[in-house]
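Structure, as structure tokens:
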Amino acid sequence: QVQLVESGGGLVQSGGSLRLSCAASGSIGIINTMGWYRQAPGKQRELVATITSRDATNYVDSVKGRFTISRDNAKITVYLQMNSLTPEDTAVYYCNLEAQRDRFSLVMKYWGKGTLVTVSS
């Protein structure tokens, strides 16, 4: 079983910064991609940022230039540095991991329980 534990959420004023962390543990296998998604009240979950095993990154347009995703392979941890936060960034942020037991197996997706980020105006 794979566990993802997020931390770093909280309340911050507009223009402030937060750093989210997500540590993975368990029978992970080969990690393909780690990333962050978010879900604001009344909205669907959306991709925020992803990072591949080769450190290729992808961001949703609304966070480009403000958020930075990174990973520590030794710690099996992914980070999301969020700067210049606005009230529109308020959401529950979920960690995501895509991995395979081996290169012949299906890619499995795992989710953390989420961490709340609230940005006040």
Tell me the ring pair (Phe, Tyr, Trp, His ring centres under 6.0 Å) pairs involving residues 36-81, sequence neighbours left out?
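Listed once each, the pairs are Y37-W111.
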Applying ring pair (Phe, Tyr, Trp, His ring centres under 6.0 Å), which residue pairs with at least one partner in residues 6-26 are found, sequence neighbours left out?
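Non-adjacent pairs meeting ring pair (Phe, Tyr, Trp, His ring centres under 6.0 Å): zero.
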Between atom [atom1] of [X] and atom [atom2] of [Y], what is the distance when rounded to the nearest 0.5 Å?
X	Y	atom1	atom2	value
E98	K109	CD	NZ	4.5 Å
T77	L20	OG1	CG	13.0 Å
T86	Q13	OG1	CD	13.5 Å
S84	R66	OG	CZ	7.0 Å
Y93	M82	OH	CE	5.0 Å

Determine, using the 4.5 Å side-chain heavy-atom cutoff (strictly less than), whether [X] and [Y] are members of one ILVMFWY cluster.
X	Y	answer
Y110	L80	yes
L4	V92	no
V78	V117	yes

Ignoring hydrogens, what is the shortest heavy-atom contact between [X] and [Y]? Give both atom names and the distance.
X	Y	answer
A91	L116	O-CD1, 3.6 Å
M34	L97	CE-CD1, 3.9 Å
E6	K113	OE1-N, 3.1 Å
I31	A99	CA-CB, 4.0 Å

pair S14-S120: side-chain heavy atoms closer than 4.5 Å
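Side chain of S14 against side chain of S120, heavy atoms only: no contact under 4.5 Å found.
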Pairs in or reaching into residues 20-105: which pass disulfide bond (SG atoms under 2.5 Å apart), with residues at least two apart or in two chains?
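Residue pairs with at least one partner in residues 20-105: C22-C95.
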Using distance only, find each side-chain donor-acceptor pair of residues 48-56 under 3.5 Å and give its atom names and separation, not counting sequence neighbours.
{"from": "T52", "atom 1": "OG1", "to": "R54", "atom 2": "N", "distance (Å)": "3.1"}
{"from": "T52", "atom 1": "OG1", "to": "D55", "atom 2": "N", "distance (Å)": "3.4"}
{"from": "T52", "atom 1": "OG1", "to": "A56", "atom 2": "N", "distance (Å)": "3.1"}

Set of residues satisfying side chain to side chain donor-acceptor pair (under 3.5 Å) with respect to [X], sequence neighbours excluded:
X	answer
S25	Q3
S17	N83
K43	none
N58	none

Which residues, ordered by chain and number, are linked to F104 in its hydrophobic cluster, where ILVMFWY side chains connect at heavy-atom gaps below 4.5 Å, directly or through other members?
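For F104, no cluster forms, as it stays isolated from other hydrophobic side chains.
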If you link I, L, V, M, F, W and Y whenever their side-chain heavy atoms are under 4.5 Å apart, who else ends up in the same group as V5?
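Cluster partners of V5: none, it stands alone.
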What residues form a side chain to side chain contact (heavy atoms under 4.5 Å, CB included) with V12, not counting sequence neighbours?
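For V12 the side chain to side chain contact (heavy atoms under 4.5 Å, CB included) partners, ignoring immediate neighbours, are L18, L85, V119.
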Identify, with sequence neighbours excluded, every residue that meets salt bridge (charged side-chain N to carboxylate O under 4.0 Å, His left out) alongside R38.
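Partners of R38 by the salt bridge (charged side-chain N to carboxylate O under 4.0 Å, His left out) criterion, ordered by chain and then number, come out as E46, D89.
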Short side-chain to backbone donor-acceptor contact, T118 and L11, under 3.5 Å
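Between the backbone of L11 and the side chain of T118 there is no qualifying donor-acceptor contact (under 3.5 Å).
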Step by step, would you call I69 with R71 a side-chain contact (heavy atoms from CB on, under 4.5 Å)?
CA-CA 7 Å; I69 189 170; R71 60 192 284 174; over 6 Å; no
